[in-house]
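Only one structure is covered here, and it is reproduced in the block below.
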Amino acid sequence: MKVLHWFLPTLFVTSLLLVVPQVSAGEAFSKARFTELQLAKQPVLIDVRADWCPTCKKQKQILTQFQKENPQCGLTILEVNFDEQKEWVKHFRAPRQSTLLLYRGAEQVWFSVAETRPDVIRQNIFNSVKACAKHV
């Protein structure tokens, strides 16, 4: 009986962990949202990604950690689905999934393909987003 009292609460907590959604670095790309952020001169990172791509998964981990550690940057990440949003893949001239493009307003300030070094990704965001530099 003592084992059951220990086991049930543990099972309950474990089941809750399985249904808690993963924290996402970004939001789904839409032209309206991208335009809104550009007009507001907000920093926007376009993440051209595919769910099946291991490089994209690594980038997402880096970007999620960056967002958590640097909320002062005000960076919005918009995720373009490589498989389903081909018109935007072409628009951003992404040669493949795992392409990152950073915009400051209408100006593209960084472009990268398959970059998975956390220090390189962080440094390029810090160098390009003025709000990041204010609190470093």
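Since we're looking at a predicted model, the values are computed, not measured. FYI, the numbering just counts along the sequence from 1. No hydrogens, no waters, no symmetry mates; every other heavy atom, side chains included, goes into these values.
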Next item on the list: Locate the shortest heavy-atom distance separating Gly74 from Pro43; write the atom from each residue and the value.
Entry: O-CG, 3.5 Å
Next item on the list: For the pair Gln85 (side chain) and Asn81 (backbone), establish whether a donor and an acceptor sit closer than 3.5 Å, ignoring hydrogens and angles.
Entry: yes
Note to self: Does any part of the side chain of Asn70, heavy atoms only, come nearer than 4.5 Å to the side chain of Gln72, both counted from C-beta?
What the structure shows: yes
Check: Are Val129 and Ile121 in one and the same hydrophobic cluster, where Ile, Leu, Val, Met, Phe, Trp and Tyr link if side-chain heavy atoms are under 4.5 Å apart?
Finding: yes
Notebook entry, point to check: Is atom NZ of Lys86 surrounded by more than 12 heavy atoms (other residues, nucleotides or ligands) closer than 6.0 Å?
Noted result: yes
Checklist line | Residues that Gln108 engages under side chain to side chain donor-acceptor pair (under 3.5 Å), provided they are two or more places apart | finding: Tyr103
Next item on the list: In sequence, state the C-alpha distance, the side-chain angles, and the governing distance for Glu27 and Leu78, and then conclude on side-chain contact (heavy atoms from CB on, under 4.5 Å).
Entry: CA-CA 5 Å; Glu27 58 188 82; Leu78 298 179; 3.3 Å; yes
Item checked: Straight-line distance of Ile62 CD1 to Gln67 CD, nearest 0.5 Å -> 13.0 Å
Notebook entry, point to check: Has the side chain of Arg104 got a donor or acceptor atom that lies under 3.5 Å from a matching backbone atom of Ser128?
Noted result: yes
Margin query: Working to the nearest 0.5 angstrom, can you tell me the gap between Leu75 CG and Leu37 CG?
Written below: 9.5 Å
Note to self: For residues 40-87, which residue pairs pass the ring pair (Phe, Tyr, Trp, His ring centres under 6.0 Å) check, not counting sequence neighbours?
What the structure shows: Phe66-Phe126
Check: Do the side chains of Phe111 and Ile46 join up, straight or via other hydrophobic residues, at under 4.5 Å, putting them in one cluster?
Finding: yes
Notebook entry, point to check: Should Val120 and Val48 be regarded as members of a common hydrophobic cluster, given that ILVMFWY residues are connected when their side-chain heavy atoms come within less than 4.5 Å of each other, either directly or indirectly?
Noted result: no
Next item on the list: Could you tell me which residues satisfy side chain to side chain donor-acceptor pair (under 3.5 Å) with Glu69, sequence neighbours excluded, listed by chain and number?
Entry: Gln65
Check: Quick one: NZ on Lys60 to OG1 on Thr55, what's the gap to the nearest 0.5 Å?
Finding: 14.5 Å
Notebook entry, point to check: Hey, what's the ring geometry for Trp88 with Phe92, parallel, tilted or perpendicular (30° and 60° as the breaks)?
Noted result: tilted
Notebook entry, point to check: Can you tell me if Thr99 uses its side chain to pair, donor with acceptor, with the backbone of Arg96 under 3.5 Å?
Noted result: yes
Next item on the list: With sequence neighbours left out, write down each residue that passes side chain to side chain donor-acceptor pair (under 3.5 Å) with Asn124, or none if nothing qualifies.
Entry: Trp110
Next item on the list: Name all pairs fulfilling the disulfide (SG to SG under 2.5 Å) condition that reach into residues 62-125, sequence neighbours left out, sorted by first residue then second.
Entry: Cys73-Cys132
Next item on the list: For atom CZ of Arg93, decide whether the heavy atoms of other residues, nucleotides or ligands shown that lie under 6.0 angstrom number more than 12.
Entry: no
Notebook entry, point to check: From Ile77 CD1 over to Phe29 CZ, what is the distance, rounded to the nearest 0.5 angstrom?
Noted result: 14.5 Å
Check: Which heavy atom in Leu100 sits nearest to a heavy atom in Leu63, and how many Å separate them?
Finding: CD2-CD1, 4.1 Å
Checklist line | side chain to side chain donor-acceptor pair (under 3.5 Å) partners for Glu115, two or more places apart | finding: Arg117
Notebook entry, point to check: Can a salt bridge be assigned to the pair Arg33 and Glu36 using a cut-off of 4.0 Å between side-chain N and carboxylate O?
Noted result: yes
Note to self: Minimum heavy-atom separation for Cys56 and Ala50, please, with both atom names.
What the structure shows: SG-N, 3.6 Å
Checklist line | From CA spacing to verdict: side-chain contact (heavy atoms from CB on, under 4.5 Å), Asp51, Arg49 | finding: CA-CA 7 Å; Asp51 291 338; Arg49 61 181 333 278; 3.5 Å; yes
